Amino acid sequence: MAAELTAPQLIAKHRPTLDQALETIRTRAYWSPHPEHPKAYGENGSLSLPEGKAAFDALQGTRFDLDQPGTDDWVGGEVSPYGPELGITYPHPDIDTLLPAMRAGMRAWRDAGAEVRAMVCLEILSRISARTHEFAHAVMHTSGQAFMMAFQAGGPHAQDRGLEAVAYAYVEQSRTPDAAEWTKPQGKRDPLALNKRFTPVARGISLMIGCNTFPTWNGYPGLFASLATGNPVLVKPHPRAVLPLALTVRIAREVLAEAGFDPNLVCLAVERPDEGIAKTLAVRPEIKLIDYTGSTSFGDWLEANARQAQVYTEKAGVNTVVVESTDNYKGMLANLAFSLSLYSGQMCTTPQNLLIPRDGIQTDAGAKSYDDVVADLAASVNGLLGDDARANGILGALVNPDVKSRLEAAAGLGEVALPSREITNPDFPDAVVRTPVIVKLDGAKPDAEAAYLSECFGPVSFAVAVDSATDAVELLRRTVRDKGAMTVGAYTTSEEFSAAVEETCLEECAQLSLNLTGGVYVNQTAAFSDFHGSGGNPAANAALCDGAFVANRFRVVEIRKDA
């Protein structure tokens, strides 16, 4: 097919961005090519806020055609957590037709080389970025995130994670030269001489299984890591969050076609109600890579059963914050209150267990008992969310009824230090909005242990009284080792205690944040600098993003000839 986008054009346009990304993952400094502020959009071909809203509105009630092969039905059923039905239908795949079609374009995509693949991926991300306002509404109305969070996390932050994966993929593929001349001296005889070529070769079709809460942020790393390393990608969205990934697939297919490649290198697989298509696809012999974010149970099933594939999972853990002492009590409380409240705690990085010595802690505001700390934290959450308009902007909406059920059940697990309250969203009266609940538990009691050592996804936190700071560290160690953790936090003024927590996290392979009291929160990570998860504890077997996340998506095939 004729290319409207030539390789030289793409390289001229995007090589500086890739080079900056490569430099930033080396230095771990702050950088992003994707603006975080809504007012930065609306010029140079990007959609303004009203244009993005209009584009989203125009999609509702339509058939989302992708012109991909093997469509045997049209399916849909997304309902916004804010209330409205989206009314969009998507192509349902005949897998036996779609998968062979996806493989057809692999040779040309392989032969294009790592640099051109990276440039095509950056063009896809550039076009997604131009439609960030449209994506923000799509993410908001499928995940329940409040608009600003959907705009930032679903837009520029997700795009950053995609670009980061492309940069790592390029590094790993470029580690070996394309060609080499090899000569071995043989003394008085003529030397042995070979010409060698080295080609990164994709494993095969990659299956990306999307999640409900962060469809783009969690989906883009695997999607772009696989595509940049030469693999076709089949995107299987969560049935309640199809639209953001369907838009992504549409843009990817357009760019691939314009660049002269087979658009079927990226396809969409939307399932009928209760079909369980992910399970069917996961064990198909054509599927060689799987990226998954979601429940521990299905992640464990994938790891155990998808034996023909390299499986990358982000599952769930029990995130813990240890409070031993602080020299900024007010800042600690404010930071924790926001961390517990953001997106109604529906983040895989939200703290669940707060381990506090039952004899209390030392602070710059004097000694504080366990009860003082819990009461003051409850007051800080109430202060943060006391204004309903502000609360709606922080909390968003509960993503599904299961979260609401867990929230309501948590109040029966112990003494409630902070009851959850219902908030009305005036723009979306059908939205289910709830403030967090904080439950006090005695860490020494077996019945309490059953509660705090189980993940309770949503706006639920347990203030766990422990006998000492040393006991807190041991409980932290056991929690990470047995249940996993995406994040760990700690507050201390003691170098000795800080060292003990650091050593625990190093030994158990958990990402640690110490003494956060400002505008950086334990449940947030920055692309190009922070690692999301470690891949070293039960919460996830991969980190976003490191070399290990991309290096095994391809193999290097050598062809050597006599010189």
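Predicted model only: the values in this text are computed from it and were never measured.
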Engineer: Answer yes or no: are there more than 12 heavy-atom neighbours, outside Arg15 itself, under 6.0 Å from its atom CZ?
Structural biologist: yes
Engineer: Minimum heavy-atom separation for Ala306 and Ala282, please, with both atom names.
Structural biologist: CB-O, 3.4 Å
Engineer: Please answer whether the main-chain N or O of Phe457 pairs with a side-chain N or O of Gln346 as donor and acceptor at a distance below 3.5 Å.
Structural biologist: no
Engineer: Please assess Leu398 against Arg434 for the test side chain to side chain contact (heavy atoms under 4.5 Å, CB included), listing each intermediate value before the final yes or no.
Structural biologist: CA-CA 7 Å; Leu398 299 189; Arg434 299 289 188 275; 3.9 Å; yes
Engineer: So, Arg203 side chain and Asn231 main chain: donor-acceptor pair closer than 3.5 Å or not?
Structural biologist: no
Engineer: Verify the ring-centre separation between Phe549 and Tyr168: is it less than 6.0 angstrom?
Structural biologist: no
Engineer: Locate the shortest heavy-atom distance separating Val522 from Pro351; write the atom from each residue and the value.
Structural biologist: CG1-CG, 3.4 Å
Engineer: What are the two closest non-hydrogen atoms of Asp72 and Pro93, and how far apart are they?
Structural biologist: OD2-O, 3.7 Å
Engineer: Begin with the C-alpha distance, continue with both residues' side-chain angles, and end with the deciding distance and a verdict on side chain to side chain contact (heavy atoms under 4.5 Å, CB included) for Leu227 and Ile124.
Structural biologist: CA-CA 11 Å; Leu227 192 61; Ile124 295 169; 4.0 Å; yes
Engineer: So, the side chain of Arg253 versus the backbone of Cys267: is there a donor-acceptor pair under 3.5 Å, distance only?
Structural biologist: no
Engineer: Is there a donor-acceptor pair closer than 3.5 Å between any side-chain N or O of Thr313 and the backbone N or O of Lys315?
Structural biologist: no
Engineer: side-chain hydrogen bond (donor to acceptor under 3.5 Å, both in side chains): which pairs involve residues 58-69, sequence neighbours left out?
Structural biologist: Asp57-Gln60
Engineer: Under a 4.5 Å cut-off applied to non-hydrogen side-chain atoms, are Lys236 and Glu271 in contact?
Structural biologist: yes
Engineer: With a 3.5 Å distance limit and no angle check, can you tell me whether Glu303 reaches the backbone of Asp300 through a side-chain donor-acceptor pair?
Structural biologist: no
Engineer: For Arg272, is the CZ atom crowded, meaning more than 12 foreign heavy atoms sit under 6.0 Å from it?
Structural biologist: yes
Engineer: For Cys509 and Asn537, which heavy atoms make the closest approach, and how far apart are they?
Structural biologist: O-ND2, 2.8 Å
Engineer: Ring-plane angle category for Phe64 and Tyr90, please: parallel below 30°, perpendicular beyond 60°, tilted otherwise.
Structural biologist: tilted
Engineer: Examine distances only and state if a side-chain atom of Thr142 and a backbone atom of Ala138 form a donor-acceptor pair shorter than 3.5 Å.
Structural biologist: yes
Engineer: Inspect the surroundings of CG in Asp178 and state if more than 12 heavy atoms from other residues, nucleotides or ligands are less than 6.0 Å away.
Structural biologist: no
Engineer: Check whether Asp94 reaches the backbone of Thr71 with its side chain - one donor and one acceptor, N or O, closer than 3.5 Å.
Structural biologist: no
Engineer: Does Lys196 have more than 12 heavy atoms from other residues, nucleotides or ligands lying within 6.0 Å of its NZ?
Structural biologist: yes
Engineer: Taking the inter-plane angle between the rings of Phe428 and His141 on a 0 to 90° scale, is it parallel (under 30°), tilted (30 to 60°) or perpendicular (over 60°)?
Structural biologist: perpendicular
Engineer: Do side-chain atoms of Gln308 reach the backbone of Ile287 as a donor and acceptor pair under 3.5 angstrom?
Structural biologist: yes
Engineer: Does the ring center of Phe298 lie less than 6.0 Å from the ring center of Tyr292?
Structural biologist: yes
Engineer: Show, in sequence, the C-alpha distance, side-chain angles and deciding distance for His532 and Trp217, and conclude whether the side chain to side chain contact (heavy atoms under 4.5 Å, CB included) test is met.
Structural biologist: CA-CA 11 Å; His532 176 72; Trp217 198 99; 3.5 Å; yes
Engineer: Determine whether more than 12 heavy atoms belonging to other residues, nucleotides or ligands lie under 6.0 Å from atom CD of Glu43.
Structural biologist: no
Engineer: Quick check on the 6.0 Å ring-centre criterion: do Tyr82 and Phe147 meet it?
Structural biologist: no
Engineer: Main chain of Arg197, side chain of Glu558: is a donor-acceptor contact present, judged purely on distance under 3.5 Å?
Structural biologist: no
Engineer: Should we say atom CZ of Arg103 is surrounded by more than 12 heavy atoms from elsewhere, each under 6.0 Å from it?
Structural biologist: no
Engineer: Mark yes or no: Arg117 above the aromatic ring of Tyr170, with NZ or CZ under 6.0 Å from the six-membered ring centre and no more than 45 degrees from the axis.
Structural biologist: no
Engineer: Using the ring of each side chain (for Trp, its six-membered ring), is Phe338 parallel, tilted or perpendicular to Tyr521, with breaks at 30° and 60°?
Structural biologist: tilted
Engineer: Is it the case that the side chain of Glu85 and the backbone of Val79 share a donor-acceptor pair, with hydrogens and angles ignored and the cut-off at 3.5 Å?
Structural biologist: no
Engineer: Does NZ or CZ of Arg28 come closer than 6.0 Å to the centre of the six-membered ring of Phe528, within 45° of the ring's axis?
Structural biologist: no
Engineer: Using the rule side-chain contact (heavy atoms from CB on, under 4.5 Å), only one of Asp291, Leu544, Leu163 pairs with Pro221; which is it?
Structural biologist: Leu544
Engineer: Met486 and Thr349: which non-hydrogen atoms are nearest, and at how many Å?
Structural biologist: CB-CG2, 4.2 Å
Engineer: Grab the two heavy atoms, one from Ala153 and one from Phe214, that are nearest each other, plus how far apart they are.
Structural biologist: CB-CE2, 4.1 Å
